[in-house]
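Only one structure is covered here, and it is reproduced in the block below.
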Amino acid sequence: MHDVIIIGAGPAGLSAALWCDELDLDTLVLEKNEQTGGQLHSIYGPVQNYPGVRASNGREFFEHFSQRLSEADFDLWTNVDIEDVDLKAKRIRLRSGEELQAISIIIATGVRRRQLGIPGEAEFVGHGIIESASRDRQDFAGRDACVIGGGDAAAENALLLADVCPTVTLVHRGKALRARPTFVQQLQSQHCITVFLESVVTRIIGYNEVEAVEILRKDALKPFQMAVQAVVIRIGVEPNTELFRGQLQLDDEGYAVVTNQQETNVANVFAIGDVSNPLAPTISGATGAGATAAKVIASRLGGRK
Ligand SMILES: Cc1cc2nc3c(=O)[nH]c(=O)nc-3n(C[C@H](O)[C@H](O)[C@H](O)COP(=O)(O)OP(=O)(O)OC[C@H]3O[C@@H](n4cnc5c(N)ncnc54)[C@H](O)[C@@H]3O)c2cc1C
């Protein structure tokens with residue numbers, strides 16, 4: 001029986017684990033991937049908005065976490081495949097057969113990129129579909145690019161590609177971009193960037209590499225093809241809450257609903273970080289929520305320290 005089992009070892013889960021250690025709670029962290037750190041490994045640009053730390057990318061930022069983690073005393077299992085969770089009973093069954101039990105569970109499973117679900121999307125990953133313009137744009141210098149999405153991430157990627165690509169087409173299904181005003185202004189001032197609003201990409205086309213996208217504009221009867229060699233997809237994220245469906249109260253988009261103590265509708269089950277924060281997902285928000293959950297659990301267990 002553990003005091004706490006934390007599911008997910010991104011910034012939220014790791015912060016909660018550090019606090020649980022400090023508060024003398026017997027803690028087990030379960031991470032499905034081989035490495036911990038979650039989305040930090042997908043940040044290729046600088047991280048400069050976490051107080052006290054400046055890093056040229058997420059991996060470097062994660063090194064600061066890692067230094068502190070090596071001093072902490074909690075159990076961490078990686079490559080874990082959870083088969084099912086009984087939140088009320090606080091029981092977790094792994095596909096490997098083990099059954100785990102805790103007094104409290106902290107859900108810190110974060111979010112994943114939303115997918116379009118269109119032909120070509122899976123086939124061309126790494127063959128013209130770019131993981132990140134920050135990291136990969138030099139490989140596409142001189143090629144025409146298409147960015148799909150209308151938020152900050154889409155705008156940022158379009159602006160980065162505009163430094164090296166002769167044309168960048170931003171395709172967004174909404175009536176207006178959702179990106180912050182400074183990004184929108186920058187997009188408008190770049191002559192090589194064209195924005196198609198109320199439009200969707202219906203297919204990514206090519207042989208071995210991306211050669212074109214098929215775009216359907218609102219009110220048009222038929223889609224048209226546009227030659228591009230690079231595509232970035234940034235249509236938002238979705239929370240990793242499938243495992244808890246039917247037990248956890250979720251909002252319309254599947255995010256965990258929590259109290260101001262990070263507690264879910266199930267007593268002694270907490271949700272922290274991006275999985276319960278659709279409005280302002282940040283590293284500082286995630287680590288703060290981890291601290292809150294750990295402190296609430298410790299106080300309920302009698303404030304042992
Ligand atoms: C490109 C990019 C740039 C960003 N830039 C910034 C920035 O400059 N500043 C900032 O503050 N934030 C930034 N963010 C956001 C920040 O990375 C997130 O807010 C933060 O990582 C959220 O932490 P988390 O622990 O809640 O979730 P995540 O980082 O998503 O971690 C969740 C963890 O849970 C694991 N997991 C999921 N499902 C299971 C399961 N079933 N079993 C076990 N483990 C599971 C995942 O593998 C992952 O390790 C950026 C994000 C991206 C993608």
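Here the structure is a predicted model, which is why all the values come from computation and not from measurement. Each ligand, and each atom within it, is numbered from 1 in the order the structure gives.
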Shortest protein contact, [atom] (heavy atom only):
{"atom": "atom 46 (C) of ligand 1", "result": "Glu31 OE2, 3.5 Å"}
{"atom": "atom 28 (P) of ligand 1", "result": "Gln39 NE2, 3.5 Å"}
{"atom": "atom 39 (C) of ligand 1", "result": "Thr109 CG2, 3.6 Å"}
{"atom": "atom 31 (O) of ligand 1", "result": "Gly10 CA, 3.4 Å"}
{"atom": "atom 23 (O) of ligand 1", "result": "Pro11 CD, 3.3 Å"}
{"atom": "atom 26 (O) of ligand 1", "result": "Asp274 N, 2.9 Å"}
{"atom": "atom 45 (C) of ligand 1", "result": "Lys32 CG, 3.7 Å"}
{"atom": "atom 52 (C) of ligand 1", "result": "Ile43 CG1, 3.9 Å"}

Could you list which atoms of ligand 1 come closer than 4.0 Å to a heavy atom of [X]?
{"X": "Leu30", "result": "43 (C), 44 (N)"}
{"X": "Pro281", "result": "19 (O)"}
{"X": "Asn33", "result": "47 (O)"}
{"X": "Ser42", "result": "1 (C)"}
{"X": "Gly273", "result": "26 (O)"}
{"X": "Gly38", "result": "29 (O), 31 (O), 48 (C), 49 (O)"}
{"X": "Ile7", "result": "42 (N), 43 (C)"}
{"X": "Thr282", "result": "11 (O), 12 (N), 19 (O)"}

Report the part of [X] (side chain from C-beta onward, or backbone N, CA, C, O) that has a heavy atom under 4.0 Å from ligand 1; answer both or neither where that applies.
{"X": "Ala108", "value": "backbone"}
{"X": "Leu243", "value": "side chain"}
{"X": "Asn49", "value": "side chain"}
{"X": "Val111", "value": "backbone"}

Got an N/O contact under 3.5 Å between [X] and ligand 1?
{"X": "Arg113", "answer": "no"}
{"X": "Gln48", "answer": "no"}
{"X": "Ala12", "answer": "yes"}
{"X": "Ile283", "answer": "yes"}
{"X": "Ser284", "answer": "no"}

Value rounded to 0.5 Å, distance of NE2 in His64 from CG in Leu40: 11.0 Å
With distance as the sole criterion, is a donor-acceptor pair present between the side chains of [X] and [Y] under 3.5 Å?
{"X": "Thr292", "Y": "Gln262", "answer": "no"}
{"X": "Glu263", "Y": "Thr259", "answer": "no"}
{"X": "Glu31", "Y": "Asn79", "answer": "no"}

4.5 Å side-chain heavy-atom contact, [X] and [Y]:
{"X": "Lys218", "Y": "Arg173", "result": "no"}
{"X": "Val125", "Y": "Glu123", "result": "no"}
{"X": "Pro281", "Y": "Val111", "result": "no"}
{"X": "Leu25", "Y": "Phe74", "result": "no"}
{"X": "Gln229", "Y": "Glu211", "result": "no"}

Taking only Lys NZ, Arg NE, NH1 and NH2, and the carboxylate oxygens of Asp or Glu, determine whether Lys295 and Glu22 approach each other closer than 4.0 Å. no
SB check Arg113 Glu131 (cutoff 4.0 Å): yes
Hey, is Val80 one of the residues with a heavy atom under 4.0 angstrom from ligand 1? no
Please assess Asn265 against Gln247 for the test side chain to side chain donor-acceptor pair (under 3.5 Å), listing each intermediate value before the final yes or no. CA-CA 9 Å; Asn265 59 308; Gln247 304 182 62; over 6 Å; no
Assign the ring pair Phe65 / Phe62 to parallel, tilted or perpendicular, where the plane angle (0 to 90°) is split at 30° and 60°. parallel
With salt bridge (charged side-chain N to carboxylate O under 4.0 Å, His left out) as the test, would you mind laying out the steps for Arg68 and Glu63 before giving the verdict? CA-CA 9 Å; Arg68 176 67 186 90; Glu63 280 168 22; over 6 Å; no
Does atom CD of Glu71 have more than 12 heavy-atom neighbours from other groups under 6.0 Å away? yes
